[in-house]
Amino acid sequence: MIISRMVLKNWRNFRAFDVSFSDRVIIIGPNASGKSNLLDAIRFLRDIAHPGGGLQPAITQRGGLSKVRCLAARREPDVELEVELSEGGRVPEYKYGIGITQQVRGYRQPILRFEKVWKRGSLLLDRPDEVDREDILRLTQTHLEQISANAEFRPVARFFDSIRYLHVVPQLLRHPEAFQGQAVPEDPYGRNFLEMVAKTPEKTRKSRLRRIEAALREAVPQLTKLTDTKDESGIPHLEAEYKHWRPNAGRQREDQFSDGTTRLIGLFWSLLEGDAPLLLEEPELSLHSEIVKRLPALLARLQRQTKRQLFISTHSWDLLSEKGIGGEEVVMLIPGQEGTEAKLASSVEEVRGLLEAGLSIADAALPRTTPPQLSQLDLFQ
């Protein structure tokens, strides 16, 4: 399945958001327009459905409901999320929606104002019900997170739990012991990346590393081999070999990899891992512009194999210069006084005309997301 449509109300930057998604979704917009927050709305559903997670931890991790609620929210302050999940065609297989409000008495926890699930148009779940009204604490949990309550729509819970987010921070991969923090339902920044690689079944692990090695040979000068290994203490490592006139002098472990090499390895591994939706935040960071230009074509080839949905946030002109990116794949975020407005690039007449004339998204849509007062930055002293 893919997320074919998302509706948000009062979610961070978005007072109102209603956009249909394709198999590949590219999100563009100026700084602080909500690109990360849009991806986080999808992650929020993942955090609710993840074993050991749930509504309360998901809200707490984000600083409480007041931090999630849009600053432009006024008379209707509740936060709402709704997604349609489609399989094959565009007719929704499932639709899931929740509304969240603040409890006014007692523990003052966030509670559900509603939770609804539809399957092929038929309503499966409609909360609150009579039992919920008799015991309001039941509304501090979703049925999505409860195995005993989600049997009729368990594929929805499994789908949300399968979603993956990636924004590898090279320093975390090189020195995981230096960055300790609260455990999270996933490891999006690469701190436990090496352990994840080591735990992968050997046949699958070797196959993926061979494919990554082949790609790195084209992108990283002098690299000839990429392998996984363990040190004397059993700690897993990645090891690369480079062309060098002295035997063994060209070997490096992950703590010596460049930022670009580290991010490429994390990106390639995640693309090869499974068929669940993958959220990529600014994959162009630390990469040479010529590599960035080739990312869309690479992602498209891998998508044809895995059929997985990709959500990509980016500022990169190089990435968006690929002529194969269609306007229906690009979500444009435009900040305003009443929150951020979201539009598909294909729905904007001027952008659509430029694309039909042969221009790329970089030329047709990216300039429309430039802050209007950016020229004033030249006056900074």
Counting the benzene-type ring for Trp, do Trp11 and Phe44 have ring centres under 6.0 Å apart? yes

Less than 4.0 Å between a side-chain N and a carboxylate O, is that true for [Y] and [X]?
X: Arg217; Y: Glu213; result: yes
X: Arg138; Y: Asp132; result: yes
X: Asp47; Y: Arg62; result: yes
X: Glu130; Y: Arg133; result: yes
X: Arg308; Y: Asp275; result: no
X: Lys293; Y: Glu290; result: yes
X: Glu76; Y: Lys9; result: yes
X: Glu282; Y: Arg263; result: no

Side chain to side chain, Leu39 and Tyr165, heavy atoms closer than 4.5 Å: yes

Does a side-chain heavy-atom distance below 4.5 Å link Ser270 with Leu278? yes

Greater than 12 external heavy atoms within 6.0 Å of [X]'s [atom1]:
X: Ile147; atom1: CD1; value: no
X: Leu298; atom1: CG; value: yes
X: Lys206; atom1: NZ; value: yes

What's the separation between atom [atom1] in [X] and atom [atom2] in [Y], rounded to the nearest 0.5 Å?
X: Gln56; Y: Thr142; atom1: CD; atom2: OG1; value: 9.5 Å
X: Leu333; Y: Asn37; atom1: CG; atom2: CG; value: 10.0 Å
X: Asp129; Y: His143; atom1: CG; atom2: NE2; value: 6.0 Å

Distance-only donor-acceptor check, side chains Ser207 and Thr204, under 3.5 Å: no

Regarding His50 and Asp161, do their side chains bring together a donor and an acceptor under 3.5 Å, going by distance alone? yes

Applied to residues 314-325, the salt bridge (charged side-chain N to carboxylate O under 4.0 Å, His left out) test, sequence neighbours excluded, yields none

Could you list the donor-acceptor pairs under 3.5 angstrom formed between side-chain atoms of residues 16-28 and any protein atom two or more places apart in sequence or on another chain?
{"from": "Asp18", "atom 1": "OD1", "to": "Arg5", "atom 2": "NE", "distance (Å)": "2.9"}
{"from": "Asp18", "atom 1": "OD1", "to": "Arg5", "atom 2": "NH2", "distance (Å)": "3.4"}
{"from": "Asp18", "atom 1": "OD2", "to": "Arg5", "atom 2": "NH2", "distance (Å)": "2.8"}
{"from": "Ser22", "atom 1": "OG", "to": "Arg24", "atom 2": "O", "distance (Å)": "2.7"}
{"from": "Arg24", "atom 1": "NE", "to": "Glu329", "atom 2": "OE2", "distance (Å)": "2.9"}
{"from": "Arg24", "atom 1": "NH1", "to": "Pro296", "atom 2": "O", "distance (Å)": "3.2"}
{"from": "Arg24", "atom 1": "NH2", "to": "Glu329", "atom 2": "OE1", "distance (Å)": "3.2"}
{"from": "Arg24", "atom 1": "NH2", "to": "Glu329", "atom 2": "OE2", "distance (Å)": "3.4"}

Side-chain heavy atoms under 4.5 angstrom apart, residues restricted to Ile, Leu, Val, Met, Phe, Trp, Tyr: same cluster for [X] and [Y]?
X: Leu209; Y: Met196; answer: yes
X: Leu320; Y: Leu359; answer: no
X: Leu280; Y: Leu285; answer: no

Determine whether Trp118 and Tyr96 satisfy the following criterion, side chain to side chain contact (heavy atoms under 4.5 Å, CB included), listing intermediate values before the conclusion. CA-CA 7 Å; Trp118 294 263; Tyr96 179 82; over 6 Å; no

Are Leu226 and Ile265 close enough, and set up right, to give a side chain to side chain contact (heavy atoms under 4.5 Å, CB included), and what steps lead you there? CA-CA 10 Å; Leu226 178 70; Ile265 292 173; 4.2 Å; yes

Set out, in order, the CA-CA distance, both residues' side-chain angles and the distance that settles side chain to side chain contact (heavy atoms under 4.5 Å, CB included) for Leu287 and Leu295, then state yes or no. CA-CA 10 Å; Leu287 300 182; Leu295 279 181; 4.2 Å; yes

